[in-house]
Participant: 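Structure in structure tokens, see below.
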Amino acid sequence: MENIVIPKHIAIIMDGNGRWAKEKGKIRLEGHRAGANALENILECCGKIGVKYLTVYAFSTENWKRPKMEVEGLMNLFSRYLDNKKKELKKQGVKLLVTGAKENVSEKLLKKIEETENYLSDCENIVFNIAFNYGGRREIVDAVSKVLEKKILEQNQIAENGGFVEGKTENFKITEEEFSKYMYRPEIPDPELVIRTSGEFRISNFLLWEIAYSEFYITDTYWPDFDEKELEKAILSFNKRDRRYGGLNAK
């Protein structure tokens, strides 16, 4: 991929595991297993071509509504991935981050996630950010809650020190730049490219704040069939885009 601009941060909505399995006469969990294999391949490829951040939508806050057997299978699949792949990830220089809420996730899995993140914390080739039990609206609400907590604490401290607190809304104003610091991963730059597989044209509550100016690439390919060639197509498409961020092209 010579003379091609490689996005610094790629985000992927990995969709189509279930439909892939159905078309092949397999159970849905087999589709998720095949999807996990595809992810391993794409992560390795991204690390080799110079992508610095890869964020994948692995499990949403809405996915708890799925059948219990499927949810348990996904949890076990993730747990085994952490057990079996962490040494390989270390060799590849992959720093792992798991981003999302902790509610409903077992203490055993939460501990395993923390241990694996710590084990890979010194890796520097690529940051692999797994959006797990994640929801974009939830992230924004959590950020607002943190901002309000901080602003109220500041007001209380002023009052306790004998200062006068005027009840105006100006006291709670905040810029976009400051608000961004309260998101789950403020250290990660916004994605330049968002890929969605299986031909669906929706965001599905994924990185709602962060993808304001991301380029989108939609492919009919189911996630288990998404490989290096499909990734190359997405990046080539990205290179044809005119990224103006709301302004005008200087040409």
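Values reported hereafter were calculated over all heavy atoms of this structure, with side chains retained and with hydrogens, waters and symmetry mates removed.
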Participant: Can you see whether Ser204 engages Arg196 through a side-chain donor-acceptor pair at a distance of less than 3.5 angstrom?
Facilitator: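 Yes, a side-chain donor-acceptor pair sits under 3.5 Å.
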Participant: Does a salt bridge link Asp122 with Lys90, judged by any charged N lying under 4.0 Å from a carboxylate O?
Facilitator: yes
Participant: Please name all residues satisfying salt bridge (charged side-chain N to carboxylate O under 4.0 Å, His left out) with Glu30, sequence neighbours left out, ordered by chain then number.
Facilitator: Arg33
Participant: Report yes or no: does Asp220 contribute a side-chain atom to a donor-acceptor pair with the main-chain N or O of Ser198 at less than 3.5 Å?
Facilitator: no
Participant: Is there a path of hydrophobic side-chain contacts, each under 4.5 Å between heavy atoms, that joins Ile188 and Ile12?
Facilitator: no
Participant: What side chain to side chain donor-acceptor pair (under 3.5 Å) pairs are there with at least one residue in residues 174-183, not counting sequence neighbours?
Facilitator: Ser180-Trp209
Participant: Restricting to salt bridge (charged side-chain N to carboxylate O under 4.0 Å, His left out), what partner residues turn up for Asp225, sequence neighbours left out?
Facilitator: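 Scan of Asp225 (salt bridge (charged side-chain N to carboxylate O under 4.0 Å, His left out), adjacent residues dropped) gives none.
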Participant: Return yes when atom CD of Glu187 has more than 12 non-hydrogen atoms of other residues, nucleotides or ligands closer than 6.0 Å, and no otherwise.
Facilitator: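 Yes, the 6.0 Å shell around CD holds more than 12 heavy atoms from other groups.
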Participant: According to a 4.5 Å side-chain heavy-atom criterion applied to Ile, Leu, Val, Met, Phe, Trp and Tyr, with indirect links allowed, do Ile130 and Met14 form part of one hydrophobic cluster?
Facilitator: yes
Participant: Flag the pair Ile6 / Phe238 as yes when at least one side-chain heavy-atom distance between them is below 4.5 Å, and no otherwise.
Facilitator: no
Participant: Above 12 or not: heavy atoms from other molecules or residues under 6.0 Å from CD of Glu200?
Facilitator: yes
Participant: Looking only at heavy atoms, which two atoms of Ile49 and Ile235 are closest? And how far apart?
Facilitator: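 Minimum heavy-atom separation between Ile49 and Ile235: CD1-CD1, 3.6 Å.
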Participant: Is it the case that one hydrophobic cluster holds both Trp20 and Leu39, taking links as side-chain heavy atoms less than 4.5 Å apart, direct or via other members?
Facilitator: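 Different clusters: Trp20 never reaches Leu39 through Ile, Leu, Val, Met, Phe, Trp or Tyr contacts under 4.5 Å.
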Participant: Which residue pairs pass the salt bridge (charged side-chain N to carboxylate O under 4.0 Å, His left out) test with at least one member in residues 127-144, sequence neighbours excluded?
Facilitator: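 Non-adjacent pairs meeting salt bridge (charged side-chain N to carboxylate O under 4.0 Å, His left out): Glu103-Arg138, Arg138-Asp142.
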Participant: Is it the case that the side chain of Ser79 and the backbone of Asn76 share a donor-acceptor pair, with hydrogens and angles ignored and the cut-off at 3.5 Å?
Facilitator: no
Participant: Just to verify, what does Glu44 make a salt bridge (charged side-chain N to carboxylate O under 4.0 Å, His left out) with, not counting sequence neighbours?
Facilitator: Lys48
Participant: What I want to check is whether the side chains of Lys233 and Thr219 have a donor and an acceptor closer together than 3.5 Å.
Facilitator: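 Side chains of Lys233 and Thr219: no pair found under 3.5 Å.
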Participant: Please find the pair of heavy atoms, one from Thr55 and one from His9, that lie closest to each other, and give the distance.
Facilitator: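 Reported closest heavy-atom pair: OG1-NE2, 2.8 Å.
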Participant: Aromatic rings Tyr134 and Phe206: how do their planes relate, parallel, tilted or perpendicular, breaks at 30° and 60°?
Facilitator: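 If you compare the ring of Tyr134 with that of Phe206, the planes turn out perpendicular.
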Participant: Output all residues satisfying ring pair (Phe, Tyr, Trp, His ring centres under 6.0 Å) with Phe132, sequence neighbours left out; order by chain, then residue number.
Facilitator: Phe59, Phe78
Participant: Which pair of non-hydrogen atoms, one from Thr197 and one from Thr221, has the smallest distance, and what is that distance?
Facilitator: CB-O, 3.1 Å
Participant: Quick one: closest heavy-atom pair of Pro224 and Gly31, and the distance?
Facilitator: CG-O, 3.8 Å
Participant: According to side-chain contact (heavy atoms from CB on, under 4.5 Å), who are the partners of Leu110, at least two apart in sequence or on a separate chain?
Facilitator: Lys102, Val105, Glu107
Participant: What distance do Cys123 atom SG and Leu96 atom CG have between them, rounded to the nearest 0.5 Å?
Facilitator: 9.5 Å
Participant: Rest of the hydrophobic cluster containing Phe201 (Ile/Leu/Val/Met/Phe/Trp/Tyr, side-chain heavy atoms under 4.5 Å)?
Facilitator: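 Listed partners: Ile218.
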Participant: Please check if the side chain of Glu124 supplies one atom and the backbone of Gly93 the other of a donor-acceptor pair under 3.5 Å.
Facilitator: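 Pair absent, no side-chain N/O of Glu124 close to backbone of Gly93.
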Participant: Can you tell me if Arg241 uses its side chain to pair, donor with acceptor, with the backbone of Phe216 under 3.5 Å?
Facilitator: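 Judged by distance alone, yes, a pair lies under 3.5 Å.
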Participant: How close do Lys86 and Leu120 get, heavy atom to heavy atom, and via which atoms?
Facilitator: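 Answer, listing the atom of Lys86 first, then Leu120: O-CD2, 3.6 Å.
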Participant: Do Val71 and Trp64 have side-chain heavy atoms sitting under 4.5 Å apart?
Facilitator: yes
Participant: Applying the 4.5 Å side-chain criterion to the ILVMFWY set and letting contacts propagate, would Tyr81 and Trp223 be lumped into a single cluster?
Facilitator: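 Yes, same cluster.
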Participant: So, do Tyr53 and Asn129 sit near enough that their side-chain heavy atoms are less than 4.5 Å apart?
Facilitator: no
Participant: Under the salt bridge (charged side-chain N to carboxylate O under 4.0 Å, His left out) rule, collect the residues that match up with Lys22, sequence neighbours excluded.
Facilitator: none
Participant: If you link ILVMFWY side chains whenever their heavy atoms are less than 4.5 Å apart, which other residues fall into the same cluster as Leu77? By chain and number, please.
Facilitator: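 None, because no other hydrophobic side chain comes under 4.5 Å of this residue.
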Participant: With a 4.5 Å heavy-atom cut-off, do Leu193 and Tyr217 have their side chains touching?
Facilitator: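 Yes; the side chains approach each other to less than 4.5 Å.
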Participant: Quick test of your reading of the model: are Lys85 and Glu40 salt-bridged, counting only N-O distances below 4.0 Å?
Facilitator: yes
Participant: What residues form a ring pair (Phe, Tyr, Trp, His ring centres under 6.0 Å) with His32, not counting sequence neighbours?
Facilitator: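 Scan of His32 (ring pair (Phe, Tyr, Trp, His ring centres under 6.0 Å), adjacent residues dropped) gives none.
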Participant: Do Glu228 and Asn41 have side-chain N/O donor and acceptor atoms under 3.5 Å apart?
Facilitator: yes
Participant: How far apart are the closest heavy atoms of Pro191 and Ser214, and which atoms are they?
Facilitator: O-OG, 2.6 Å
Participant: Can you list everything that forms a side-chain contact (heavy atoms from CB on, under 4.5 Å) with Thr61? Sequence neighbours excluded, please.
Facilitator: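 Per chain and number, Thr61 pairs via side-chain contact (heavy atoms from CB on, under 4.5 Å) with Asn133, Asn205.
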Participant: Are Leu29 and Tyr222 connected in the hydrophobic side-chain network, where two residues link if heavy atoms are under 4.5 Å apart?
Facilitator: no
Participant: Within the structure provided, determine whether Asn125 and Val94 are in side-chain contact (heavy-atom separation under 4.5 Å).
Facilitator: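 Side chain of Asn125 against side chain of Val94, heavy atoms only: no contact under 4.5 Å found.
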Participant: I want to check something: taking the side chain as every heavy atom from C-beta on, are Leu231 and Ile42 in contact at a cut-off of under 4.5 Å?
Facilitator: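 In short, these two side chains touch, coming nearer than 4.5 Å.
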Participant: Atom CD1 of Ile211 and atom CG of Asp190: how far apart are they, to the nearest 0.5 Å?
Facilitator: 9.5 Å
